[in-house]
Amino acid sequence: MADRPAGAEIPVATAESPAREAWRMFLRNRSAILGLVLLAAIILVSLFGPPLYGVDPFKIRGAPFTPPGVDPNVPLGTDHVGRDILAGMIGGGRATLAVGASAALMTVAIGLLVGAMAGYYGGLVDEILMRITEFFQVLPSLILAMVLVALFTPSLYMIAIAIGVASWQSTARLARAEFLRLKELEYVKAGRTIGATDRRLIWVVILPNALPPLIVSATLIVGVAILFEAGLSFLGLGDPNIMSWGLMIGSSREYIFDSWWSATFPGAAIFLSVLSVSLIGDGLNDALNPKLRER
Amino acid sequence: MPILRLVLERIAYAFIVITAVLVLNFILVRLAPGDPAEVIAGESGGITEEILAAIRRDYGLDLPLHEQLWIYLGNAVQGDLGYSFYFNSPVVELVVSRMGPTILLILAATVIALFIGTALGVLASRNPEGLFSNFLTVASLIGYSAPAFWTGLMLIILFAFVVPLFPVAGLYDVTLSVGYFGRALDIAHHLVLPAFTLAIIYIAQYSRLARASMLEVLGSDYIRTARAKGVAERVVFFKHALRNAILPIITITGLHFGNLLSGAVLVEAVFNWPGLGTLAFDSLLRRDYTTILALLFFSALMVIVANLATDFCYRLADPRIKGKRG
C-alpha cells in the first residue's frame, strides 16, 4: 500500500506545483505510458468499435465452433452457438469497463466517506465505523457480491453497487490513516482556529492533501473491480442481455475442449485491461510518492 | 493471566461478529424483492403452496420482524440454517460436507504462494537492480492482472492437449481402485493445477512484498552491525534478515484468507473441484438462496477462525508483541 514514510509531509519549496511535477514524473515512466496507451486503445475500441463493426454479438453468424482464421466472415471464429467472437470482443468491453469504473467509484466513495469520518472525528465515531469495517472485512468480497447480485435484480447498476459494498474496506482504512495523520497538522489547526466548519476542514482542507495515496489505490481498485465484474459474469451473474467478456468465458467454459479460442480471446482482453490499469497505478505510485523510489 | 483474557476477548468478539453475519443474512432475505417465503424456497421448481405455507409457519413469517429474527437466530444456534429444496438437504450438512476440499485447496495454494513468492522475492532482493529483479517485477504484474478463472482454463488447455502431466478436473479419479495412500497421492495429483491457479495472484503479491521487505530489513542498522561484527554473509542474509522480513508476509497471508475463498469459488468452478465454490456455482444457477446465504455465513466463519489463527501464529513468530492489541 501507499503509506508515505514519515517526513514526507514536509513541504519542499519548488517552482513547480506538486501535481505538475508528479505528472512530469509519470510521463517519464515508460511502462506507465504503455498502460495509458493500452487503456486508451481498449476504451476507444469499446466506444467506437461496435457501431463501426456493426455486428450484434448475440447474433449467430456462422457454423458453431468455427476456428479463427477459417471463415473471413468471422475472423476470430465462433462459439458453441455460432456467435461471432470478434463482435463479442469489441462489444463485450463496454459492460466490463463501465461496471469496473463505476464500481471503483462506488468503492472509493464509500471507503472515503467512512474513512474520513472515522479519522477526522475519532473517538466513538471512529470506534463504531472501524467495527463496521472489520465486520465487512470478515465477509469474503466475491461471495458477498454474489449474494447481493443473486438476491436483487442482476442489472449493471446492481453489480456495480454490489462490488462497491463488498470491497470498500481497504480504502476506508487508508483514508482513515491519512485523516488521522493530517488533522494534527498545523494548517488544519489554523483552519479550525479561524472558524472553518468540520465539513470544510474535511473536504476542502484535508482531502486534497490526502489524495495522493488515495488516487493510487483508486486506480488499482479499478483493476480489481474489472476482475470482479468478469468473475461475476463468468458465474452467470451478469446481465444476460448484455454481452461481456466474463459472460463469453463463462458460457464457453464447458466447451473449452471443442474451442480453445472462445474463452482465450475475451480472457486476454480482460487481462490486458487489468494490466493497463495496474501499469498506470504503479506509475502513479512512483510519481506521487517520490520517496519510495529511493529503494 | 493477560494472555488468557486476550484469548477470551477475541473469542467473545468472534461470537458478536458471527451473530452480526446471521442478522445480515436475515435482513438480506427480507430486503430482497418478492415474498420472503419464495426467496427462502428458492426457484428450484416444484415448490407447492404447501411447502410455502410450511415455510411461513416454520419461519413465523406472519409474526412481527423482531420475532422472526428471534426464531431465525434460535434455529441457527441449534445448527439449522434452513433447507435446500434443490439439493434436498439441510444446508448446514450440505455446506459442511463441501468444506474439506475447499480448505485443502486454499491451504495448498497458500503454501505454494508463500514458498514460491518468498523465494522469488528474496532472490530478487540480492540484486535489486539486476535482470532477475526486473523480470520479477514484470512477471508479478502479469500474474496480478490475469483473471484466475481464465488462467485456469488456459492451464487446462495446456495440460489437456500439449503436456498431459496433470489431471484437469475433479478431486480424484473414481475409476482408480487404489488404497488409502494411493488415493491421497491421486488427490494431490489432481490438486496441482487448481492450487497453482489459485496461488498465482498471491505468488505475484508475496514476491513483491518479500523483495521490498528484504530490502528494507537489509538496509537497517542491526544488519549493518551484524556485518560489521563479521558475521558470515549467508548467516546475515538468512538468519538475521529473512526472519524479520517474513513477518509482514505472515500478516498479509492471514488477511488474504477471505480473498482466497473468493478466488476458490471461481477456480473450483473451472476445475470441477467439489468444494464450496462448485456448490456456490450450482446454487446460483438454481437461485437456491438458502444455500448461498449459508455459504456466506460459513465463509465468514472460516475467515474469523483464520484471523484468530494468524493472530496467534504472529504472536509466536514475533516475540516483540505480547498481549498488545493489534
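This is a predicted model, so every value here is computed, not measured. The chains referred to below are lettered A, B, ... by the order of the sequence lines, with proteins before strands, and numbering in each begins at 1.
- Here B:Leu22 pairs with B:Tyr72, B:Leu73, B:Ala76, B:Leu81, B:Phe297 under the side-chain contact (heavy atoms from CB on, under 4.5 Å) rule; sequence neighbours left out.
- Classification of the A:Phe234-B:Phe281 ring pair by plane angle, with boundaries at 30° and 60°, yields tilted.
- In this structure, the portion of A:Val224 lying under 4.5 Å from any heavy atom of chain B is its side chain and not its backbone.
- Note that CZ of B:Phe298 is 12.5 Å distant from CD1 of A:Ile143, once rounded to the nearest 0.5 Å.
- For B:Val138, no part lies near chain A; criterion is any non-hydrogen pair under 4.5 Å.
- Rounded to the nearest 0.5 Å, atoms CG (A:Leu144) and CG (B:Leu295) are 12.5 Å apart.
- Residues A:Val138 and B:Phe257 form no side-chain contact, since every pair of their non-hydrogen atoms from C-beta on lies 4.5 Å or further apart.
- Each of B:Leu276, B:Leu296, B:Val17 has some count of heavy-atom pairs under 4.5 Å with chain A, and the biggest count is that of B:Leu296.
- Within the 4.5 Å cutoff, the side chain of A:Phe135 has heavy atoms near those of the B:Val21 side chain.
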For this session: Let me see the working for B:Leu28 and A:Phe152 under side chain to side chain contact (heavy atoms under 4.5 Å, CB included), right down to the final yes or no.
Result: CA-CA 9 Å; B:Leu28 283 176; A:Phe152 302 92; 4.2 Å; yes

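- With rounding to the nearest 0.5 angstrom, the CG atom of A:Leu139 is 11.5 Å from the CG atom of B:Leu261.
- Neither the backbone nor the side chain of A:Ile226 comes within contact range of chain B; no heavy atom of the residue lies under 4.5 Å from a heavy atom of that chain.
- Only the side chain of B:Leu284 comes within contact range of chain A, with heavy atoms under 4.5 Å apart.
- Proximity to chain A (any heavy atom under 4.5 Å) is shown, for B:Ile142, by both the backbone and the side chain.
- Interface remark: of the candidates B:Leu266, B:Leu209, B:Ile292, B:Leu266 forms the most heavy-atom pairs closer than 4.5 Å to chain A.
- Neither the backbone nor the side chain of A:Leu272 comes within less than 4.5 Å of any heavy atom of chain B.
- If you take CH2 on B:Trp150 and CG on A:Leu227, they are separated by 11.5 Å, rounding to the nearest 0.5 Å.
- For the pair A:Val274 and B:Pro147, the minimum side-chain heavy-atom distance is 4.5 Å or more.
- A donor-acceptor contact shorter than 3.5 Å links the side chain of A:Arg253 to the backbone of B:Ala269.
- Neither the backbone nor the side chain of A:Ala145 comes within less than 4.5 Å of any heavy atom of chain B.
- Only the side chain of B:Tyr13 comes within less than 4.5 Å of a heavy atom of chain A; its backbone N, CA, C and O stay farther away.
- Options A:Ser276, A:Gly236, A:Ser273, A:Ala268 differ in how many heavy-atom pairs under 4.5 Å they form with chain B, and the most are formed by A:Ala268.
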For this session: Walk me through it: do B:Phe149 and A:Ile249 pass the test side chain to side chain contact (heavy atoms under 4.5 Å, CB included)?
Result: CA-CA 9 Å; B:Phe149 54 92; A:Ile249 304 177; 3.7 Å; yes

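- When each of B:Ala306, B:Ser262, B:Ala280, B:Gly263 is scored by its heavy-atom pairs under 4.5 Å with chain A, the top score falls to B:Ser262.
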